[in-house]
Amino acid sequence: MKKKFLNLGKQPIANSFLSSKSKKILSKEFFYNLSVSFNTKNFLVSITNPVDPKIQYTDKYAHRASESYTMRKAFKNIAYKIKKRFNPKIVMEIGSNDGVFIKNFPKKNIIAVEPCKNLAKITKKKFKTYPNFWNKKLANKIFKISKKADIIFSANTISHIPNLKESFDAINFSLSKNGVLIIDDPSLCSVIQNNSYDQFYDEHVYVFSALAISNIVKESSLMLFDVEKMTTHGGSLRYFICKKDSKYKKSKKLLRILNEEKKVGLNKFSTFVKFSKRITKSKKDLVILLKKLKKKNKKIISYGATYKSTTVFNYCKINNRYLDYVTDTTLNKQGKFTPGQHLPIVTPEKGMNKSVDYAFLGAWNFKKEILNKEKDFIKRGGKFITHVPFIKILTK
Ligand code: DWN
């Protein structure tokens with residue numbers, strides 16, 4: 001049974017950066033109600049009413065996975081580990097984005113699946129790329145006659161697919177006998193502990209826990225046999241999944257993490273009700289802080305036009321009364337306006353100038369990388385604001 005615990009209000013599509021603030025463009029902006037539910041039977045946390053993927057994953061998709069040094073390094077690292085541990089002949093990636101993971105493999109080993117046509121175009125130049133949504137039809141097209149995949153890798157994508165049952169059935173069909181599915185996704189445990197409610201936006205239909213994944217994959221005759229904790233995206237889990245009759249056995253680490261999740265209460269509705277109360281406080285505290293700083297005539301901007309900050313800005317109604325603009329390194333976000341609250345997006349070179357007093361960390365998951373990059377800003381007295389795990393001004 002699905003029980004609602006969090007209401008983040010009217011939200012736009014997190015990826016819908018606007019090219020202008022003309023009346024025509026604003027009148028077409030799409031909004032939906034973002035609420036989050038807990039399934040008391042399988043412990044899955046999901047958006048109550050997901051948005052149609054066809055309006056999310058278009059040929060204008062903005063996010064480039066290779067934009068940060070942290071992620072380039074993380075994907076290089078997992079590619080190396082996969083080669084070492086599994087020595088796969090055929091590797092398929094679901095949601096290959098701009099190729100940041102697959103570029104670490106020889107061309108002959110790779111099959112890429114990417115429904116956003118602008119991204120598929122990038123990887124198509126070198127790798128066999130299917131510009132389609134992952135489903136049974138596509139699995140059949142790729143694997144009906146050709147050899148099955150030894151590794152299916154998917155980072156920050158499986159959680160974006162509303163029909164999980166079809167997705168995992170198609171994965172089971174596509175894996176070789178001892179093939180392994182590896183999924184990276186933000187962990188529910190980190191979201192609860194960090195109060196990072198901004199991990200909920202239209203694309204994150206699910207925020208997974210090991211408890212939920214182990215229940216769900218069983219329905220597609222698959223088995224979760226290992227799991228790893230990661231620091232990426234503010235705390236993620238890497239799940240290792242095989243066919244239920246393959247050679248792998250459940251690891252001790254998996255059993256330990258399942259127990260840790262039970263201790264945190266990820267199997268209890270009451271945990272999420274408490275989380276929801278903390279989020280209401282987070283919103284109140286952020287608005288109080290911004291109002292206080294504006295009264296003192298401070299200039300505040302936001303750093304990183306993340307999809308996550310779409311949730312924060314629209315939930316807390318943070319517009320140009322508080323923030324002058326948002327900086328971002330991604331070329332195709334610059335010159336545009338943020339979804340819903342319509343803040344202009346500029347380059348960091350232009351935006352991080354001497355007039356800025358405070359920068360809200362929209363890309364808080366890259367705090368270390370950003371603080372390292374922005375030493376001059378900090379040196380001259382500039383300060384970062386974060387909402388993770390609670391509202392505070394960073395002192396270092
Ligand atoms: O799952 C998803 C995650 C992995 O990526 C997607 N559905 C969409 C996207 O979400 P996000 O926008 O919240 O992700 P990031 O990776 O936190 O975005 C960081 C943004 O900040 C990028 O637009 C790049 C920018 N950035 C910057 O301007 N300066 C990043 C760094 C590190 C910087 O120094």
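Atoms within each ligand, like the ligands themselves, are counted from 1 in listed order. Computation of the quantities below employed the complete heavy-atom set of this structure, encompassing side-chain atoms and omitting hydrogens, waters and symmetry-equivalent molecules. Sequential numbering from 1 along the given sequence is applied to the chain's residues.
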Using a 4.0 Å heavy-atom cut-off, which part of [X] comes near ligand 1: side chain, backbone, both, or neither?
X: Tyr69; answer: neither
X: Tyr61; answer: side chain
X: Ile370; answer: side chain

Please confirm whether [X] comes within less than 3.5 Å of ligand 1 when only nitrogen or oxygen atoms on both sides are compared.
X: Glu369; result: no
X: His63; result: yes
X: Tyr307; result: yes

Kindly identify the option in [options] whose heavy atom sits closest to [atom].
atom: atom 31 (C) of ligand 1; options: Lys373, His160, Gln334; answer: Lys373
atom: atom 25 (C) of ligand 1; options: Asn372, Asp328, Asn365; answer: Asp328
atom: atom 16 (O) of ligand 1; options: Phe17, Tyr201, Phe366; answer: Phe366

Problem - Tyr322 six-ring centre to Lys294 NZ/CZ under 6.0 Å and within 45° of normal - result: no
Problem - Aromatic Phe390 / basic Lys392 pairing, under 6.0 angstrom, 45° off normal - result: yes
Considering only non-hydrogen protein atoms, determine which one is nearest to [atom] and report residue, atom name and distance to 0.1 Å.
atom: atom 18 (O) of ligand 1; answer: Thr306 CG2, 3.5 Å
atom: atom 13 (O) of ligand 1; answer: Lys308 NZ, 2.8 Å
atom: atom 7 (N) of ligand 1; answer: Glu203 OE1, 2.5 Å

Practice task
Measure centre to centre between the rings of Phe105 and Phe127, then say whether the value is under 6.0 Å.
Solution key: no
Handout entry: Aromatic ring proximity, centroids under 6.0 angstrom, Tyr315 and Tyr197
Key = yes
Practice task
Report the residue from Phe200, Phe208, Tyr201 that forms a ring pair (Phe, Tyr, Trp, His ring centres under 6.0 Å) with His204.
Solution key: Tyr201
Handout entry: Side-chain H-bond candidate by donor/acceptor type, Thr347 with Gln334, under 3.5 Å
Key = no
Practice task
Say whether Ser66 and Asp98, considering side chains only, have a donor N or O and an acceptor N or O under 3.5 Å apart.
Solution key: yes
Practice task
Check ligand 1 against Glu67 and write out every atom of the ligand that is under 4.0 Å from a heavy-atom position of the residue.
Solution key: 24 (C)
Fill in the blank from the handout: The atoms of ligand 1 lying under 4.0 Å from a heavy atom of Lys333, numbered in the order shown, are 22 (C), 23 (O)
Expected list for residues 2-11: side-chain donor-acceptor pairs under 3.5 angstrom, two or more places apart:
{"unit_1": "Asn7", "atom_1": "OD1", "unit_2": "Gly9", "atom_2": "N", "d": "3.0"}
{"unit_1": "Gln11", "atom_1": "NE2", "unit_2": "Leu8", "atom_2": "O", "d": "3.1"}
{"unit_1": "Gln11", "atom_1": "NE2", "unit_2": "Thr311", "atom_2": "O", "d": "3.3"}

Handout entry: Whether over 12 other heavy atoms sit under 6.0 Å from Tyr80 OH
Key = no
Practice task
Could you tell me whether ligand 1 has any atom less than 4.0 Å away from a heavy atom of His204?
Solution key: yes
Practice task
Quick one: list whatever passes side chain to side chain contact (heavy atoms under 4.5 Å, CB included) with Ser68, sequence neighbours left out.
Solution key: Thr70, Met71, Phe366, Glu369
